[in-house]
Amino acid sequence: MRWPPALAVGAALTAVFLGAAALSFLWTPFPTDGMDIAARLRPPGGANLLGTDHFGRDTLSMLMVGARTSLAVAVIAVGFGMAAGVPLGLLAAATRGSLVDEVVMRGNDLVFAFPALVIAILITAVFGPSAFNAILAIGIFNTPVFARVSRGAALALWTLDYVRAAQVAGKGRARISLEHILPNIANLLIVQGTIQFSLGILAEAALSYVGLGAPQGTPSWGRMLAEAQTMIALAPHTAVFPGLTIVLAVLGLNLMGDGLRDLTDPRLRRAR
Amino acid sequence: MSLLAAEGLGVTIGAGRVLSDVSLTLAPGEVFGLVGESGSGKSMTALALMRLLPAAARAEGRVSLGGRLLTGLSERAMCTVRGREIGMIFQEPMTALNPLRTIGEQVAETLVVHGAAGRAEARAVARARLDRVGLDAARFPFDRYPHELSGGQRQRVCIAMAVALRPKLLIADEPTTALDVTTQAQILDLLKGLVAEEGMGMMLITHDLAVVAGTADRVAVMQAGRIVETGPTEEVFRARRHDYTRRLLAASTHVPRRVSRATGEALLEVRGAVREYLLPRPAPLAPHPRLRAVDGVGFTLHAGESLGLVGESGSGKSTLTRLVLGLDPLAAGTIRLNGAAVSLTMPGPVRAGVQAVFQDPYGSFNPRHRVARLVAEPFHLTPLPAEETRARVAAALAAVGLPADAMERYIHEFSGGQRQRIAIARALVIRPRLVVLDEAVSALDVRVRAQILDLLAELQGRFGLSYLFVTHDLSVVRAITDRVLVMKSGRIVEEGPTARVLAAPAHPYTAGLVAATPRIPAGWIDGG
Amino acid sequence: MLRFALSRLVSLGLSLVAASLVIFAVVEVVPGDPAAFMLGMNAAPDTVAALRRELGLDAALPVRYLGWVTGMLAGDFGISYTYRVPVAELVAARLGVSLPLAVYALLLSTAIAMPVGLLAAARRGRAADWGVMAGTQLGIAVPNFWFAMLLVLVFAIELRWFAAGGFPGWEAGLWPNLKALTLPAVALALPQAAILARVLRSALIETMDQDYIRTARAKGLSGRQALLAHALRNAMIPVLTILGLQFSFLIAGGIIIENVFFLPGLGRLVFQAITQRDLIVVESVVMLLVFAVILVTFLTDLAYAAVDPRLRRRG
């Protein structure tokens with residue numbers, strides 16, 4: 001099967017960011033701990049390709065280290081959302097119209113009323129700031145998204161004759177959900193996963209920016225923007241590069257998600 | 001002079017040629033039938049005439065209507081032709097109407113969009129057309145929404161919309177395929193009446209030879225994008241000059257060779273079965289009204305027997321099927337299979353006594369499993385060692401006429417007919433005594449259907465199976481059942497030997513059903 | 001329609017009760033003793049006791065919850081511990097910034113997205129469509145607060161068309177305030193407009209493939225007439241869903257963007273309250289935000305029913 005161009009570009013961009021985050025454990029162009037006041041706010045070009053910040057730290061190195069936090073928070077939050085949401089969605093679909101379904105869906109609606117930022121405000125107010133808050137807030141926010149997507153897709157499959165055939169073969173709801181439903185909604189969940197991954201990066205950046213995410217001292221793209229804010233007139237590059245990094249990372253994931261959807265959409269496949 | 005003349009119509013989509021060299025003429029006041037199996041290009045012909053082909057399609061050929069050449073007209077000019085000079089109705093009335101606008105508005109729109117009438121006048125005309133198609137003002141006011149109407153009523157709205165401006169030509173693309181037989185007969189009568197009244201020409205597109213036989217003056221038979229034969233309907237049916245026409249007609253009236261092996265042993269006993277559904281509350285806190293989908297049904301199916309269960313949509317036959325398969329709980333009554341109680345929780349060996357084949361050859365299989373695993377699924381009930389399972393699967397595939405190497409393939413590699421064979425293999429693999437065939441041949445083209453019916457007849461003799469044939473189609477019942485149950489509103493209204501019930505129905509509902517079912521006149525086939 | 005509205009109203013009430021229980025549990029039960037939490041580790045025991053009395057923490061939990069809820073219903077949100085003024089006053093003043101900002105952004109985003117989405121769907125597969133798809137793909141990848149910083153850089157620092165931040169207050173008249181909210185509103189609206197335009201486009205394209213569009217074309221409607229008369233209204237159903245979700249995104253996004261422009265809105269209030277451990281203010285602001293989201297969901301449901309006759313009769 002040929003890869004759609006969006007998928008190729010998106011996968012390449014995503015690979016670059018994951019690679020940079022992995023590489024940062026072994027090597028960065030400059031060290032990122034410690035200050036070098038003499039080297040502060042250097043413009044881009046020269047030894048510091050993307051310039052330095054107000055502590056004299058190299059922007060490129062900081063972006064590489066920051067990628068760890070941003071990507072890790074987003075990935076774990078997607079995992080959390082899937083692990084909690086998909087079983088709930090499958091359960092609700094398998095017990096369609098019952099009290100269980102009703103409870104799951106009402107619970108979903110309730111969580112939907114709490115945007116990720118509001119969850120983060122609540123958690124941080126009670127437990128203080130940490131990167132874990134961001135994971136929890138974004139993960140909780142992701143849960144009803146995955147529950148709703150899996151329930152909707154599963155309901156459509158439950159009306160198909162192969163599910164009836166499995167029932168005639170004496171298989172129970174749990175077994176049918178695992179054997180016949182889950183594998184056939186996996187494509188959809190992967191596509192939704194990339195979308196939530198990219199939303200997670202945006203949310204993590206926003207939370208770190210307002211101080212509800214990664215605490216002071218943990219490099220993250222959002223924190224870099226928060227620190228750049230006061231110097232934006234003086235050294236615009238400190239704000240421009242972290243922002244561009246976020247844009248490219250999110251763009252890569254979105255393109256990958258679109259490409260995966262095109263690849264797996266049965267309507268498109270039939271036309272092929 | 002002909003009303004419609006098409007010469008050398010061709011359509012290409014991408015690299016595929018879907019229509020080649022289609023030429024036809026249609027006279028005013030004439031009903032012209034276009035028949036063929038799925039994919040033969042019938043609908044594509046209609047869309048090419050209307051110039052409503054998909055964006056990727058390229059068309060060729062000449063079309064003229066009433067002596068005026070349509071080919072070469074601008075899209076803007078074509079818009080004045082569609083709806084005003086050619087009306088069209090489609091197969092699926094449930095989705096053919098905009099769900100957000102009232103039926104009256106949608107009929108009136110035909111007039112307004114062509115500038116034929118002002119708003120008020122258009123409303124009056126729309127009202128008159130709705131009355132004409134049998135939707136009277138008292139029960140179907142102007143501001144009804146489509147979702148408040150049944151399928152047949154919606155098709156009437158579509159017809160009112162198509163004939164609102166009294167076009168010269170009406171194209172009806174499978175207009176009754178989605179409807180029950182009694183509704184089908186009414187819609188066909190309505191269409192014939194309109195043709196006679198307005199003197200318009202009608203092109204009737206259908207896969208059903210019996211519908212054409214009873215409705216069309218002339219007929220064209222299509223195969224693989226071409227018209228293989230054209231002529232007056234009776235002549236085409238009697239002469240069967242073209243080989244394809246011959247095969248099509250033979251298949252559509254095919255009755256498999258079989259001898260009844262019904263014994264006196266009761267295999268399935270249904271006594272006073274009731275299944276109720278709760279409907280939404282009419283008011284907050286009011287009790288849920290109950291719908292009795294199956295309302296005190298009792299019958300016996302004997303070992304070796306082939307029993308038909310017929311009914312229209314909403315008759316409760318699907319729910320009864322679920323009860324017999326032990327997929328739904330009984331509200332009252334009993335169902336016994338081989339003497340053991342059928343229920344949601346019946347043990348595996350009991351459940352293994354009945355298996356099923358469903359309607360949709362495309363939705364009947366998990367696309368991610370290989371055929372070997374698909375066919376072996378019923379062994380969940382009576383597990384066997386892996387080697388033995390494989391041997392049994394291979395034997396079941398061989399029994400339905402598929403090679404052993406089919407086991408390693410995925411379901412998308414098979415045609416609709418082959419899939420239905422695999423579904424039968426899956427039902428037979430654990431050797432049940434009873435097989436429930438739930439509209440198992442309804443989605444198949446006639447020639448494939450004839451083959452599957454032959455196969456079912458042969459397997460019944462070979463394995464001593466009993467069949468419960470659930471269908472809306474009397475021709476299937478006629479072909480393969482010994483006895484038939486007629487179901488209406490959750491009850492069985494008539495029961496008896498198939499030949500007797502179809503020839504001399506006792507219940508008025510059965511009589512109506514038999515009368516409404518279109519048939520090719522016997523003389524046309526046997527030359528009488 | 002009335003029955004539908006009533007049933008939605010009941011569900012609105014239930015959602016509010018459930019949400020308030022969650023918030024109450026997290027803010028007043030999880031920290032153990034809220035008074036000790038607010039005063040920090042070094043507080044003297046009698047100070048803590050005094051605050052406990054002041055906040056009414058000695059009462060049983062159900063009594064406290066009922067007191068909190070009935071107070072809110074009467075417009076009494078308690079007294080801010082740090083500001084020593086009624087929270088209702090604080091919140092009302094800040095709402096005067098946050099709410100107009102969200103509405104401004106919503107209007108802007110809708111006004112941009114509708115024609116753009118319609119254009120892309122009408123010119124499906126052509127240059128205009130490709131342009132819209134590329135532009136919106138970029139738009140949804142841009143963090144709004146960073147976009148806000150870029151706007152400040154270009155329009156305030158370089159071009160000096162707008163002030164870099166601040167808010168004159170409504171007593172200064174409509175125009176200066178509108179001007180102060182313009183850059184923040186644009187920063188919020190453009191990424192949302194990109195999402196909305198994409199949703200509208202795909203919803204329109206999907207409806208254009210429906211059977212009833214073919215019916216309309218067979219009646220003699222041109223492609224454009226079918227799009228406007230039949231597809232647009234059907235496509236509004238998914239668009240309404242997104243509009244409803246967007247309002248909560250705009251409220252949340254607004255809270256973040258206030259930081260960029262030094263706007264005295266709910267965001268600044270709540271972030272200060274977090275650092276000062278003023279749980280009373282946090283609790284009230286969160287309840288208000290959640291109330292806004294639930295209210296918008298309710299309004300979206302009503303809008304669905306207005307568009308779709310099939311929903312009106314259902315309870």
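Since this is a predicted model, take the numbers as computed values, not measurements. Protein chains get the first letters and strands the later ones, always in sequence-line order, with residue 1 at the start of each.
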Checklist entry - Do the side chains of C:D211 and B:M94 get nearer than 4.5 Å, heavy atoms only? => result no
Checklist entry - Got a second to check how far B:T110's OG1 is from C:K219's NZ, nearest 0.5 Å? => result 4.5 Å
Checklist entry - Are C:R214 and B:F90 in a cation-pi setup, meaning NZ or CZ lies under 6.0 angstrom from the ring centre and within 45 degrees of the ring axis? => result yes
Checklist entry - Does the pair C:R217/B:E75 count as a salt bridge with the N-to-O cut at 4.0 Å? => result yes
Checklist entry - Just wondering, are more than 12 heavy atoms of other shown residues or ligands nearer than 6.0 Å to CZ in C:F291? => result no
Checklist entry - Which value, rounded to the nearest 0.5 Å, describes the distance between B:M78 atom CE and C:S222 atom OG? => result 13.5 Å
Checklist outcome for this item: On a heavy-atom basis, the closest approach of C:P309 and B:P99 is CG-O, 3.4 Å
Checklist entry - Can you check whether C:Y212 reaches B:P146 side chain to side chain, under 4.5 Å on heavy atoms? => result no
Next on the checklist: Just so I understand: if I count every heavy-atom pair under 4.5 Å between each of B:E85, B:R76, B:E109, B:R84 and chain C, which residue has the most?
Outcome noted: B:E109
Next on the checklist: Can you confirm whether more than 12 heavy atoms, excluding those of B:R123, are under 6.0 Å from its CZ atom?
Outcome noted: no
Item to check | Heavy-atom proximity to chain B below 4.5 Å, by part of C:V307 | outcome: both
Next on the checklist: Using 0.5 Å steps for rounding, measure from the CG atom of C:D308 to the NE2 atom of B:H147.
Outcome noted: 8.0 Å
Checklist entry - Given the options B:T95, B:L165, B:T102, which has more heavy-atom pairs under 4.5 Å with chain C than any of the others? => result B:T95
Item to check | Part of C:A229 lying under 4.5 Å from any heavy atom of chain B | outcome: both
Checklist entry - Any side-chain heavy-atom pair from B:C79 and C:Q225 closer than 4.5 angstrom? => result no
Checklist entry - Which distance, rounded to the nearest 0.5 Å, do you find between the CZ of B:R101 and the CG of C:N234? => result 10.0 Å
Next on the checklist: Any heavy-atom pair between the side chains of B:L100 and C:M236 that's under 4.5 Å?
Outcome noted: no
Item to check | Heavy-atom pairs under 4.5 Å with chain B, option from C:H230, C:Q210, C:R233 with the top count | outcome: C:H230
Next on the checklist: Test your reading of the model: is there a side-chain donor-acceptor pair from C:T215 to the backbone of B:A96, 3.5 Å cut-off?
Outcome noted: yes
